[in-house]
Participant: 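I have a structure I would like to understand better, so I am pasting it below and will then ask my questions one at a time.
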Amino acid sequence: MGAVQENAALRRRQQQLPLRPAGPLTVKALLAWYEAERRDLPWRYGPRKKADPYRVWLSEIMLQQTTVKAVVPYFQKFVARWPTVTALAGAQLEEVLQHWAGLGYYSRARNLKACADAIARDYGGEFPKSEAELLKLPGIGPYTAAAISAIAFGEKATPVDGNVERVVSRLFAVRQPLPGAKPEIRRLAATLTPQRRAGDFAQAMMDLGAEICTPRKPSCLVCPLQQDCSASAQNLAELLPMRGAKAERPSRYGIAFLVQREDGAVLLRQRPEAGLLGGMLEVPSTPWGDALPAKKEAMRAAPVTTAWLPVPGAVVHVFTHFRLELIVYRALVPIDASFTLWAEQERCRWVHRRDLHAQALPSVMKKVIAHGLADN
DNA sequence: CACCCGTGGGT
DNA sequence: TACCCAAGGGT
């Protein structure tokens, strides 16, 4: 198979053979490839089969801007703990956040719970099958609504994610840069979507994008769509899709205060529900600003008045839109002292070190704790 | 529409 | 190292 396609590619380059325009035959080749090469993933039931809407929904939410490899263990944990959407609707948000900790984009976890509640409350525990109805639910946008509708219910819908954007932009040699090209790419993807197997088509496009039509160094020579691909014919595949200018990533700085009690507990604080790391636990710190605060200034943000020891080094963490550098100050306090806790004391709690793994701790805060307790 | 929202792996 | 990127959604 690979050799045959390689020869076809070489012939076309040497003889300038015309392309076969992407169309129904492209879809047929893609579906054949999918049946042979598709990834075996825990939320999939098989080609030509509809999957459990709950598992499709859960996986799609987790997969938003997140790699399959990162998602799989979280998906397994969730379905083991909450096998149905009704079970998830009965869960405590705090426990959902604990299970989500480390996966990132924590508003997804809050919307996940809100969506489960809505399904249980307004839909009798059954997901709606139409794109339009799914779109009304929290955490479900245009992509996810189309994905659930097509994959779980077999409806003719066209989810367009980063994979589909890449595959389509190459198939049709779309040179207009993203995000401006999105409407055109959506239109082209919709023209390819088959009436009968829209779910398999969508997943096949994603598998192709993940394994063959990769962002860098695409494997055009073994691609089942190579003879249909306008970009490959023009040796443009690696240059597409074009993208607009990248925004620069600023740095922010702060001082984190790690209080350790004599019995080994550390002081954690719950962040506000909205915004960055919303609802998750943190090590109390100064606000994160454009420069490191002076020590005297920083101490106004310290959760207790005590002897603080700076921990050598710093914690560096890179978020999507800024880089964070935190200096850690550490203090050891007696177990029974009465402290002057700052105004947000009610959002604070003591957590024993042995219980830290079960908390809603984002990765950056795990780094801070590990750094601050490194020599303990 | 532009910006906000995490994290880990690959190059 | 620094940068790119991944099954996007909310505002």
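Below, each value reflects all heavy atoms present in this structure, side chains not excepted, and no hydrogens, waters or symmetry copies. Each chain gets a letter, A, B and so on, in the order the sequences are listed, and its residues count up from 1. Values in this document were obtained by computation on a predicted structure and should not be read as measured data.
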Participant: May I ask you to say what A/Leu324 touches in the nucleic acid, namely base, sugar-phosphate or nothing, with a heavy-atom cut-off under 4.0 Å?
Facilitator: nothing
Participant: Ignoring hydrogens and angles, tell me if any N or O in the side chain of A/Arg170 forms a donor-acceptor pair with the backbone of A/Leu240 under 3.5 Å.
Facilitator: yes
Participant: Any base atoms under 4.0 Å from A/Pro159, or only sugar-phosphate, or nothing? Heavy atoms, all strands.
Facilitator: nothing
Participant: Assuming nearest nucleotide by heavy-atom distance, tell me which of A/Lys246 and A/Gly141 is located more 5' along DNA chain C.
Facilitator: A/Lys246
Participant: With no hydrogens and no angle check, do the side chains of A/Arg108 and A/Asn111 hold a donor and an acceptor under 3.5 Å apart?
Facilitator: no
Participant: Taking atom CD of A/Glu133 as the centre, report whether more than 12 heavy atoms of other residues, nucleotides or ligands fall under 6.0 Å from it.
Facilitator: yes
Participant: Give the stems involving DNA chain C, where a stem is 3 or more consecutive Watson-Crick or G-U wobble pairs (i with j, i+1 with j-1, and so on) under 3.5 Å.
Facilitator: B:2-5 with C:8-11, B:7-11 with C:2-6
Participant: For A/Leu63 and B/dT7, give me the distance from atom CG to atom C1', rounded to whole Å.
Facilitator: 14 Å
Participant: Answer with base, sugar-phosphate or nothing: what part of the nucleic acid does A/Trp43 contact at a heavy-atom distance below 4.0 Å?
Facilitator: base
Participant: So, taking the atom named CD1 in A/Ile151 and the one named CG in A/Asp200, what distance separates them when rounded to the nearest 0.5 Å?
Facilitator: 9.0 Å
Participant: Could you tell me the separation between the OG atom of A/Ser169 and the NZ atom of A/Lys182, rounded to the nearest 0.5 Å?
Facilitator: 11.0 Å
Participant: So A/Val364, base contact, sugar-phosphate only, or nothing? Heavy-atom distance under 4.0 Å.
Facilitator: sugar-phosphate
Participant: Categorize A/Arg44 for me: base, sugar-phosphate, or nothing, with a 4.0 angstrom heavy-atom threshold over every strand shown.
Facilitator: base
Participant: With sugar-phosphate meaning primed atoms plus P, OP1 and OP2, does A/Arg39 contact a base, only sugar-phosphate, or nothing at under 4.0 Å between heavy atoms?
Facilitator: base
Participant: Whether the A/Glu60 and A/Tyr143 side chains hold a donor-acceptor pair (N or O, under 3.5 Å, no angle test) is what I'd like checked.
Facilitator: yes
Participant: Given B/dG6, is OP1 or OP2 found less than 4.0 Å from the side-chain N or O atoms of A/His317?
Facilitator: no
Participant: Just distance, no hydrogens or angles: give the donor-acceptor pairs under 3.5 Å from side chains in residues 241-253 of chain A, sequence neighbours left out.
Facilitator:
unit_1	atom_1	unit_2	atom_2	d
A/Arg249	NH1	A/Phe319	O	3.0
A/Arg249	NH1	A/Thr320	O	2.9
A/Ser251	OG	A/Arg323	NH1	3.1

Participant: Name the first nucleotide and the last nucleotide along DNA chain C (5' to 3') that come under 4.0 Å of a heavy atom in chain A.
Facilitator: C/dC4 to C/dG10
Participant: B/dT11 and C/dA7: how far apart are their P atoms, nearest whole angstrom?
Facilitator: 15 Å
Participant: Counting the atoms with a prime plus P, OP1 and OP2 as sugar-phosphate, which does A/Thr144 contact under 4.0 Å by heavy atoms, base, sugar-phosphate, or nothing?
Facilitator: sugar-phosphate
Participant: Return the value, rounded to whole Å, for the distance between atom CG of A/Leu103 and atom C1' of B/dG9.
Facilitator: 14 Å
Participant: Tell me which of A/Gly278 and A/Arg216 sits closer to the 5' end of DNA chain B, going by the nucleotide each one is nearest to.
Facilitator: A/Gly278
Participant: What is the nucleic acid contact for A/Gly209, judged by heavy atoms within less than 4.0 Å: base, sugar-phosphate only, or nothing?
Facilitator: nothing
Participant: How long is the straight-line distance from CG of A/Asp117 back to OG1 of A/Thr86, given to the nearest 0.5 Å?
Facilitator: 10.5 Å
Participant: Starting at atom NZ of A/Lys366, determine the distance to atom P of B/dT7, rounded to an integer number of angstrom.
Facilitator: 9 Å
Participant: Distance check needed: B/dG6 P versus A/Leu97 CG, whole Å only.
Facilitator: 11 Å
Participant: Determine the Euclidean distance between corresponding C1' atoms of C/dA6 and B/dG6; express it in Å to zero decimal places.
Facilitator: 12 Å
Participant: Spell out, as yes or no, whether a donor-acceptor pair under 3.5 Å connects the side chain of A/Thr286 to the backbone of A/Ile255.
Facilitator: yes
Participant: Could you list the donor-acceptor pairs under 3.5 angstrom formed by side chains in residues 210-220 of chain A, with sequence neighbours left out?
Facilitator:
unit_1	atom_1	unit_2	atom_2	d
A/Thr214	OG1	A/Arg216	O	3.0
A/Thr214	OG1	A/Lys217	O	3.4

Participant: Rounded to whole Å, please give me the gap between OH in A/Tyr74 and C1' in B/dG6.
Facilitator: 10 Å
Participant: In residues 202-209 of chain A, what donor-acceptor pairs under 3.5 Å come from side-chain atoms, sequence neighbours left out?
Facilitator:
unit_1	atom_1	unit_2	atom_2	d
A/Gln203	OE1	A/Arg44	NE	3.0
A/Gln203	NE2	A/Gly199	O	3.3
A/Asp207	OD1	A/Arg39	NE	3.0
A/Asp207	OD1	A/Arg39	NH2	2.7
A/Asp207	OD1	A/Arg44	NH2	2.8
A/Asp207	OD2	A/Arg39	N	3.0
A/Asp207	OD2	A/Arg44	NH1	2.9

Participant: Dump every N/O contact between nucleotides 1-4 of chain B and the protein below 3.5 Å, one line per pair.
Facilitator:
none

Participant: With a 3.5 Å cut-off and heavy atoms only, can you find an N or O donor on one side and an acceptor on the other between the side chain of A/Ser363 and the base of B/dG8?
Facilitator: no
Participant: Working to the nearest 0.5 angstrom, can you tell me the gap between A/Leu192 CG and A/Leu171 CG?
Facilitator: 7.0 Å
Participant: Measure across A/Tyr105 and A/Trp100 and return the closest heavy-atom pair with its distance rounded to 0.1 Å.
Facilitator: O-NE1, 4.0 Å
